[in-house]
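Reading through the C-alpha coordinates given below for one structure.
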Amino acid sequence: MDLKKVTSEETGIEQITLKVAHLEKMTTFYEKIGLKLIKESPGVNFLGVADDILLVLKEIKQPLRKENKVGLFHVAFLLPERKNLGTALKHYLTLNILTGASDHGYSEALYLNDPEGNGIEVYWDKPKKMWDIREGGRIVGVTKSLDLRNLLEESTEHFSGFPKNSKIGHVHLKVRDLKETENFYVEQLGLQLKDNYGTQAKFFAAGSYHHHIGANTWAGTQHLPLPEKNDLGLEEIVFTHFEIKNLEKEWEKAKLNFASHYDYLKVTDPNGILLKIKD
(Lines give C-alpha, C1' and ligand atoms only; values in the text may rest on other atoms or scores of the structure.)
Protein backbone atom coordinates (compact mmCIF):
# COMPACT_ATOMS: atom_id res chain seq x y z
CA MET A 1 0.00 0.00 0.00
CA ASP A 2 1.12 3.58 -0.66
CA LEU A 3 0.82 5.17 2.79
CA LYS A 4 3.25 8.08 2.37
CA LYS A 5 0.50 10.73 2.58
CA VAL A 6 -1.50 9.23 5.44
CA THR A 7 0.26 10.53 8.58
CA SER A 8 2.05 13.75 9.55
CA GLU A 9 3.94 15.35 12.43
CA GLU A 10 0.53 16.10 13.99
CA THR A 11 -0.63 12.47 14.02
CA GLY A 12 -1.18 11.10 17.50
CA ILE A 13 -3.54 9.45 19.97
CA GLU A 14 -6.54 11.44 21.10
CA GLN A 15 -8.15 9.10 23.65
CA ILE A 16 -8.64 5.52 24.75
CA THR A 17 -11.56 3.55 26.17
CA LEU A 18 -11.15 1.16 29.10
CA LYS A 19 -13.76 -1.41 30.09
CA VAL A 20 -14.01 -1.45 33.89
CA ALA A 21 -15.79 -3.40 36.62
CA HIS A 22 -16.09 -0.58 39.18
CA LEU A 23 -16.81 2.72 37.48
CA GLU A 24 -16.89 4.96 40.55
CA LYS A 25 -13.71 3.53 42.06
CA MET A 26 -11.81 3.79 38.78
CA THR A 27 -13.06 7.33 38.14
CA THR A 28 -11.90 8.43 41.59
CA PHE A 29 -8.46 6.91 41.00
CA TYR A 30 -7.91 8.65 37.66
CA GLU A 31 -9.07 11.95 39.16
CA LYS A 32 -6.56 11.40 41.96
CA ILE A 33 -3.63 10.90 39.56
CA GLY A 34 -4.37 13.99 37.46
CA LEU A 35 -7.41 13.75 35.18
CA LYS A 36 -10.71 15.52 35.77
CA LEU A 37 -14.23 14.22 35.25
CA ILE A 38 -15.62 16.09 32.23
CA LYS A 39 -18.86 14.28 31.47
CA GLU A 40 -21.01 11.48 32.89
CA SER A 41 -23.62 9.25 31.31
CA PRO A 42 -25.18 5.98 32.54
CA GLY A 43 -22.38 3.45 32.82
CA VAL A 44 -19.78 5.67 31.13
CA ASN A 45 -17.53 8.44 32.46
CA PHE A 46 -15.34 10.76 30.39
CA LEU A 47 -12.12 12.13 31.89
CA GLY A 48 -9.45 14.43 30.57
CA VAL A 49 -7.65 17.74 30.78
CA ALA A 50 -9.42 21.09 30.34
CA ASP A 51 -12.14 20.20 27.80
CA ASP A 52 -10.16 17.45 26.07
CA ILE A 53 -11.43 13.93 26.77
CA LEU A 54 -8.48 11.55 27.04
CA LEU A 55 -9.98 8.57 28.86
CA VAL A 56 -13.40 6.93 28.57
CA LEU A 57 -14.33 4.49 31.34
CA LYS A 58 -17.07 2.06 30.32
CA GLU A 59 -18.63 -0.15 33.00
CA ILE A 60 -19.09 -3.85 32.20
CA LYS A 61 -21.87 -5.45 34.23
CA GLN A 62 -20.74 -9.08 34.05
CA PRO A 63 -17.02 -8.99 33.33
CA LEU A 64 -15.07 -12.15 32.63
CA ARG A 65 -12.44 -13.24 35.11
CA LYS A 66 -9.11 -11.48 34.53
CA GLU A 67 -6.76 -13.69 32.51
CA ASN A 68 -3.47 -13.28 30.70
CA LYS A 69 -4.62 -12.03 27.30
CA VAL A 70 -3.42 -9.49 24.78
CA GLY A 71 -4.35 -5.89 25.50
CA LEU A 72 -3.03 -2.92 27.42
CA PHE A 73 0.47 -2.89 28.89
CA HIS A 74 0.16 0.80 29.78
CA VAL A 75 -1.39 4.06 28.65
CA ALA A 76 1.08 6.96 28.81
CA PHE A 77 0.05 10.50 29.71
CA LEU A 78 2.50 13.10 28.39
CA LEU A 79 3.04 16.24 30.49
CA PRO A 80 4.37 19.47 28.92
CA GLU A 81 7.30 20.23 31.26
CA ARG A 82 9.70 18.49 33.62
CA LYS A 83 8.42 20.54 36.56
CA ASN A 84 4.96 19.04 35.95
CA LEU A 85 6.45 15.56 36.28
CA GLY A 86 8.31 16.56 39.44
CA THR A 87 5.08 17.86 40.96
CA ALA A 88 3.26 14.65 39.99
CA LEU A 89 6.07 12.58 41.53
CA LYS A 90 5.75 14.35 44.88
CA HIS A 91 1.98 13.75 44.80
CA TYR A 92 2.31 10.05 43.91
CA LEU A 93 4.87 9.49 46.66
CA THR A 94 2.45 11.06 49.14
CA LEU A 95 -0.28 8.69 47.94
CA ASN A 96 2.15 5.74 47.95
CA ILE A 97 1.06 4.61 44.47
CA LEU A 98 4.32 4.84 42.51
CA THR A 99 5.36 1.41 41.18
CA GLY A 100 8.44 2.42 39.19
CA ALA A 101 10.38 5.14 37.41
CA SER A 102 12.76 5.14 34.43
CA ASP A 103 14.94 7.34 32.28
CA HIS A 104 14.35 6.24 28.67
CA GLY A 105 16.88 8.56 27.06
CA TYR A 106 14.26 10.55 25.19
CA SER A 107 11.92 10.80 28.20
CA GLU A 108 11.59 10.44 31.95
CA ALA A 109 8.72 8.30 33.17
CA LEU A 110 6.77 7.39 36.29
CA TYR A 111 4.75 4.18 36.51
CA LEU A 112 1.49 3.34 38.30
CA ASN A 113 -1.24 0.69 38.22
CA ASP A 114 -4.92 1.48 38.48
CA PRO A 115 -7.19 -0.53 40.84
CA GLU A 116 -8.04 -3.04 38.08
CA GLY A 117 -4.45 -3.67 37.04
CA ASN A 118 -4.16 -1.43 34.00
CA GLY A 119 -0.67 0.01 33.63
CA ILE A 120 -0.15 3.78 33.54
CA GLU A 121 2.88 5.83 32.56
CA VAL A 122 3.14 9.55 33.29
CA TYR A 123 6.07 11.18 31.51
CA TRP A 124 7.64 14.18 29.84
CA ASP A 125 9.78 14.29 26.71
CA LYS A 126 13.31 15.63 26.84
CA PRO A 127 14.23 18.18 24.11
CA LYS A 128 14.76 16.44 20.76
CA LYS A 129 18.41 17.46 20.69
CA MET A 130 18.90 15.01 23.58
CA TRP A 131 17.29 12.06 21.74
CA ASP A 132 19.50 9.35 20.24
CA ILE A 133 18.29 9.63 16.63
CA ARG A 134 20.14 7.34 14.22
CA GLU A 135 20.39 7.13 10.46
CA GLY A 136 17.07 6.23 8.83
CA GLY A 137 15.04 7.79 11.65
CA ARG A 138 15.64 5.10 14.25
CA ILE A 139 15.17 6.54 17.75
CA VAL A 140 16.94 4.47 20.38
CA GLY A 141 15.42 4.19 23.82
CA VAL A 142 17.07 2.93 26.98
CA THR A 143 15.87 1.92 30.42
CA LYS A 144 17.94 3.45 33.21
CA SER A 145 17.15 4.34 36.80
CA LEU A 146 15.60 7.78 37.20
CA ASP A 147 17.12 10.26 39.65
CA LEU A 148 13.98 10.88 41.71
CA ARG A 149 15.67 13.30 44.09
CA ASN A 150 16.73 15.51 41.19
CA LEU A 151 13.25 15.32 39.65
CA LEU A 152 11.63 16.30 42.95
CA GLU A 153 13.72 19.48 42.94
CA GLU A 154 11.75 20.52 39.83
CA SER A 155 8.50 20.49 41.80
CA THR A 156 7.47 24.10 42.31
CA GLU A 157 3.77 23.96 43.01
CA HIS A 158 0.92 22.09 44.68
CA PHE A 159 -0.43 19.25 42.53
CA SER A 160 -3.79 20.23 41.04
CA GLY A 161 -4.06 17.69 38.23
CA PHE A 162 -2.43 17.42 34.84
CA PRO A 163 -1.77 20.86 33.33
CA LYS A 164 -3.27 22.20 30.12
CA ASN A 165 -1.79 20.62 26.97
CA SER A 166 -1.24 17.27 28.66
CA LYS A 167 -2.28 14.42 26.37
CA ILE A 168 -1.90 10.73 25.65
CA GLY A 169 1.63 10.41 24.30
CA HIS A 170 1.53 6.71 23.51
CA VAL A 171 -0.14 3.39 24.22
CA HIS A 172 1.91 0.26 24.89
CA LEU A 173 0.30 -3.10 24.08
CA LYS A 174 0.74 -6.72 25.11
CA VAL A 175 0.56 -8.54 21.78
CA ARG A 176 0.39 -12.11 20.55
CA ASP A 177 2.83 -11.74 17.64
CA LEU A 178 5.32 -8.92 17.05
CA LYS A 179 5.71 -9.47 13.31
CA GLU A 180 1.96 -9.55 12.78
CA THR A 181 1.60 -6.36 14.83
CA GLU A 182 4.42 -4.65 12.90
CA ASN A 183 2.83 -5.58 9.59
CA PHE A 184 -0.45 -3.99 10.62
CA TYR A 185 0.84 -0.76 12.14
CA VAL A 186 3.47 -0.16 9.45
CA GLU A 187 2.11 -1.73 6.27
CA GLN A 188 -1.59 -1.04 6.84
CA LEU A 189 -1.78 1.98 9.16
CA GLY A 190 1.24 3.90 7.90
CA LEU A 191 3.31 4.30 11.08
CA GLN A 192 7.07 3.74 10.99
CA LEU A 193 9.10 1.23 12.97
CA LYS A 194 11.23 3.42 15.25
CA ASP A 195 13.11 0.85 17.30
CA ASN A 196 13.39 -2.77 18.36
CA TYR A 197 13.99 -3.50 22.04
CA GLY A 198 15.78 -6.82 21.81
CA THR A 199 13.54 -9.45 20.24
CA GLN A 200 10.53 -8.88 22.49
CA ALA A 201 9.36 -5.31 21.86
CA LYS A 202 8.85 -2.89 18.97
CA PHE A 203 7.98 0.80 18.84
CA PHE A 204 6.02 2.56 16.08
CA ALA A 205 5.28 6.23 15.43
CA ALA A 206 4.16 8.80 12.92
CA GLY A 207 6.44 11.65 11.93
CA SER A 208 9.57 12.14 14.01
CA TYR A 209 8.17 10.96 17.37
CA HIS A 210 9.83 8.15 19.33
CA HIS A 211 6.64 6.06 19.58
CA HIS A 212 2.89 6.32 19.55
CA ILE A 213 2.44 2.55 19.84
CA GLY A 214 4.63 0.14 21.77
CA ALA A 215 4.20 -3.62 21.50
CA ASN A 216 5.76 -6.40 23.54
CA THR A 217 5.57 -10.13 24.14
CA TRP A 218 6.85 -9.98 27.71
CA ALA A 219 3.71 -11.77 28.93
CA GLY A 220 4.83 -14.87 27.01
CA THR A 221 6.11 -16.03 23.66
CA GLN A 222 3.11 -18.27 23.04
CA HIS A 223 0.08 -16.80 21.27
CA LEU A 224 -2.06 -15.15 23.95
CA PRO A 225 -5.86 -15.33 23.63
CA LEU A 226 -7.60 -12.34 22.06
CA PRO A 227 -9.87 -10.24 24.29
CA GLU A 228 -13.58 -11.03 24.40
CA LYS A 229 -16.51 -8.60 24.60
CA ASN A 230 -16.83 -8.80 28.38
CA ASP A 231 -13.14 -8.74 29.17
CA LEU A 232 -11.93 -5.79 31.21
CA GLY A 233 -9.19 -3.52 29.91
CA LEU A 234 -8.48 -1.71 26.67
CA GLU A 235 -11.34 -1.56 24.18
CA GLU A 236 -10.49 1.26 21.77
CA ILE A 237 -7.73 3.67 20.73
CA VAL A 238 -8.64 6.87 18.89
CA PHE A 239 -6.01 8.24 16.49
CA THR A 240 -6.25 11.74 15.10
CA HIS A 241 -4.68 13.82 12.29
CA PHE A 242 -4.72 11.08 9.68
CA GLU A 243 -5.52 11.69 6.01
CA ILE A 244 -8.45 9.29 6.18
CA LYS A 245 -9.55 9.72 2.55
CA ASN A 246 -6.14 8.56 1.36
CA LEU A 247 -6.12 5.76 3.94
CA GLU A 248 -9.60 4.63 2.94
CA LYS A 249 -8.57 4.37 -0.73
CA GLU A 250 -5.56 2.25 0.17
CA TRP A 251 -7.60 -0.01 2.44
CA GLU A 252 -10.24 -0.47 -0.25
CA LYS A 253 -7.58 -1.46 -2.78
CA ALA A 254 -6.10 -3.91 -0.28
CA LYS A 255 -9.57 -5.27 0.57
CA LEU A 256 -8.96 -4.67 4.28
CA ASN A 257 -11.91 -5.33 6.56
CA PHE A 258 -12.90 -1.91 8.00
CA ALA A 259 -15.91 0.36 8.52
CA SER A 260 -16.13 3.80 6.94
CA HIS A 261 -18.07 6.61 8.62
CA TYR A 262 -18.53 10.27 7.70
CA ASP A 263 -15.47 11.56 9.55
CA TYR A 264 -13.61 8.47 10.74
CA LEU A 265 -12.62 4.91 9.88
CA LYS A 266 -12.87 1.97 12.24
CA VAL A 267 -10.72 -1.15 12.14
CA THR A 268 -9.59 -3.91 14.50
CA ASP A 269 -5.87 -4.53 14.92
CA PRO A 270 -4.43 -8.10 15.06
CA ASN A 271 -4.74 -8.04 18.86
CA GLY A 272 -8.49 -7.44 18.92
CA ILE A 273 -8.17 -3.72 19.78
CA LEU A 274 -10.63 -1.37 18.08
CA LEU A 275 -9.01 1.61 16.37
CA LYS A 276 -10.90 4.75 15.39
CA ILE A 277 -8.96 6.80 12.82
CA LYS A 278 -9.90 10.47 12.47
CA ASP A 279 -8.81 13.46 10.39
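The figures that follow rest on heavy atoms only: side chains count, while hydrogens, waters and symmetry mates do not.
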Task: Pairing of E236 and K266 as salt bridge, 4.0 angstrom limit - done: yes
- [ ] Answer yes or no: is there an ion pair linking K249 with E252, defined by an N-O contact shorter than 4.0 Å?
- [x] no
TODO: Quick one: do D269 and T181 satisfy side-chain contact (heavy atoms from CB on, under 4.5 Å)? Show the steps, please.
DONE: CA-CA 8 Å; D269 86 347; T181 299; 5.7 Å; no
Distance in Å, [X] [atom1] paired with [Y] [atom2], rounded so as to fall on 0.5 Å steps:
{"X": "I60", "Y": "N230", "atom1": "CD1", "atom2": "CG", "result": "5.5 Å"}
{"X": "I53", "Y": "K36", "atom1": "CD1", "atom2": "NZ", "result": "10.5 Å"}
{"X": "F239", "Y": "L275", "atom1": "CZ", "atom2": "CG", "result": "5.5 Å"}
{"X": "F77", "Y": "L79", "atom1": "CZ", "atom2": "CG", "result": "10.0 Å"}
{"X": "E10", "Y": "D279", "atom1": "CD", "atom2": "CG", "result": "13.0 Å"}
{"X": "L178", "Y": "L173", "atom1": "CG", "atom2": "CG", "result": "10.5 Å"}

Task: K245 and E243: CA distance, side-chain angles, deciding distance, salt bridge (Lys or Arg N to Asp or Glu O under 4.0 Å) verdict - done: CA-CA 6 Å; K245 294 302 180 187; E243 295 291 341; over 6 Å; no
Would you find a donor on one side and an acceptor on the other, under 3.5 Å apart, between the side chain of [X] and the backbone of [Y]?
{"X": "D231", "Y": "E228", "answer": "yes"}
{"X": "W131", "Y": "K126", "answer": "yes"}
{"X": "D103", "Y": "G105", "answer": "yes"}
{"X": "T7", "Y": "G207", "answer": "no"}
{"X": "T11", "Y": "H241", "answer": "yes"}
{"X": "E9", "Y": "S208", "answer": "yes"}
{"X": "N96", "Y": "L93", "answer": "no"}
{"X": "N246", "Y": "K5", "answer": "yes"}
{"X": "N183", "Y": "V186", "answer": "no"}
{"X": "D114", "Y": "N118", "answer": "yes"}

If we only count heavy atoms from C-beta on, is the [X] to [Y] side-chain gap below 4.5 Å?
{"X": "V238", "Y": "Y264", "result": "no"}
{"X": "S107", "Y": "D125", "result": "yes"}
{"X": "L224", "Y": "N68", "result": "yes"}
{"X": "D263", "Y": "K278", "result": "no"}
{"X": "P225", "Y": "R176", "result": "no"}
{"X": "L89", "Y": "L152", "result": "yes"}
{"X": "K202", "Y": "E182", "result": "yes"}
{"X": "L265", "Y": "W251", "result": "yes"}

Look at the side-chain heavy atoms of Ile, Leu, Val, Met, Phe, Trp and Tyr, link any pair under 4.5 Å apart, and say whether [X] and [Y] land in one connected group.
{"X": "L3", "Y": "I244", "value": "yes"}
{"X": "L55", "Y": "I97", "value": "yes"}
{"X": "V49", "Y": "Y123", "value": "no"}
{"X": "L64", "Y": "L23", "value": "no"}
{"X": "V171", "Y": "V56", "value": "no"}

With a cut-off of 3.5 Å and sequence neighbours excluded, list every side-chain donor-acceptor pair involving residues 158-167.
unit_1 : atom_1 : unit_2 : atom_2 : d
S166   : OG     : P163   : O      : 2.7

Open item on the list: Checking V140 against R134 for the side-chain contact (heavy atoms from CB on, under 4.5 Å) test, could you report, in this order, the C-alpha distance in whole Å, the side-chain angles of both residues, the deciding distance, and whether it holds?
Closed with: CA-CA 8 Å; V140 179; R134 307 281 179 90; 3.7 Å; yes
Measuring centre to centre across the rings, with the benzene-like ring taken for any Trp, is [X] within less than 6.0 Å of [Y]?
{"X": "H211", "Y": "F204", "value": "no"}
{"X": "F203", "Y": "H172", "value": "yes"}
{"X": "H170", "Y": "Y209", "value": "no"}

What heavy-atom pair brings [X] and [Y] nearest, and what distance separates the two atoms?
{"X": "G71", "Y": "I273", "answer": "CA-CD1, 4.2 Å"}
{"X": "L234", "Y": "L72", "answer": "CB-CB, 3.8 Å"}
{"X": "I13", "Y": "H212", "answer": "CD1-O, 3.3 Å"}
{"X": "L85", "Y": "E108", "answer": "CD2-O, 3.4 Å"}
{"X": "N113", "Y": "G119", "answer": "OD1-CA, 3.6 Å"}
{"X": "V175", "Y": "T217", "answer": "O-CG2, 3.7 Å"}

Task: K174 to F73, cation-pi by 6.0 Å centre distance and 45° axis angle - done: no
- [ ] Check whether more than 12 heavy atoms from other residues, nucleotides or ligands sit under 6.0 Å from atom NZ of K83, and answer yes or no.
- [x] no
Open item on the list: Can you confirm whether more than 12 heavy atoms, excluding those of E31, are under 6.0 Å from its CD atom?
Closed with: yes
- [ ] Would you list the pairs meeting ring-ring contact (aromatic ring centres under 6.0 Å, His included) in which at least one residue belongs to residues 23-71, sequence neighbours left out?
- [x] none
Task: Audit row: D147, R149, salt bridge (Lys or Arg N to Asp or Glu O under 4.0 Å) steps and yes/no - done: CA-CA 6 Å; D147 187 340; R149 187 165 296 176; over 6 Å; no
TODO: Determine the sole option in V75, I213, I277, T17 for which the side-chain contact (heavy atoms from CB on, under 4.5 Å) test with I237 is passed.
DONE: I213
Task: Passing candidate, side chain to side chain donor-acceptor pair (under 3.5 Å) with E235, options K58, K19, K229 - done: K58
TODO: Report the C-alpha separation of N45 and E40 in whole Å, then their side-chain angles, then the decisive distance to 0.1 Å, and conclude whether the side-chain contact (heavy atoms from CB on, under 4.5 Å) test is met.
DONE: CA-CA 5 Å; N45 284 348; E40 298 177 82; 3.5 Å; yes
TODO: Using the test ring-ring contact (aromatic ring centres under 6.0 Å, His included), find all partners of H104 that sit at least two apart in sequence or belong to another chain.
DONE: none
TODO: Could you check L247 against Q188 for side-chain contact (heavy atoms from CB on, under 4.5 Å), going step by step and ending with a plain yes or no?
DONE: CA-CA 9 Å; L247 186 59; Q188 297 180 352; over 6 Å; no
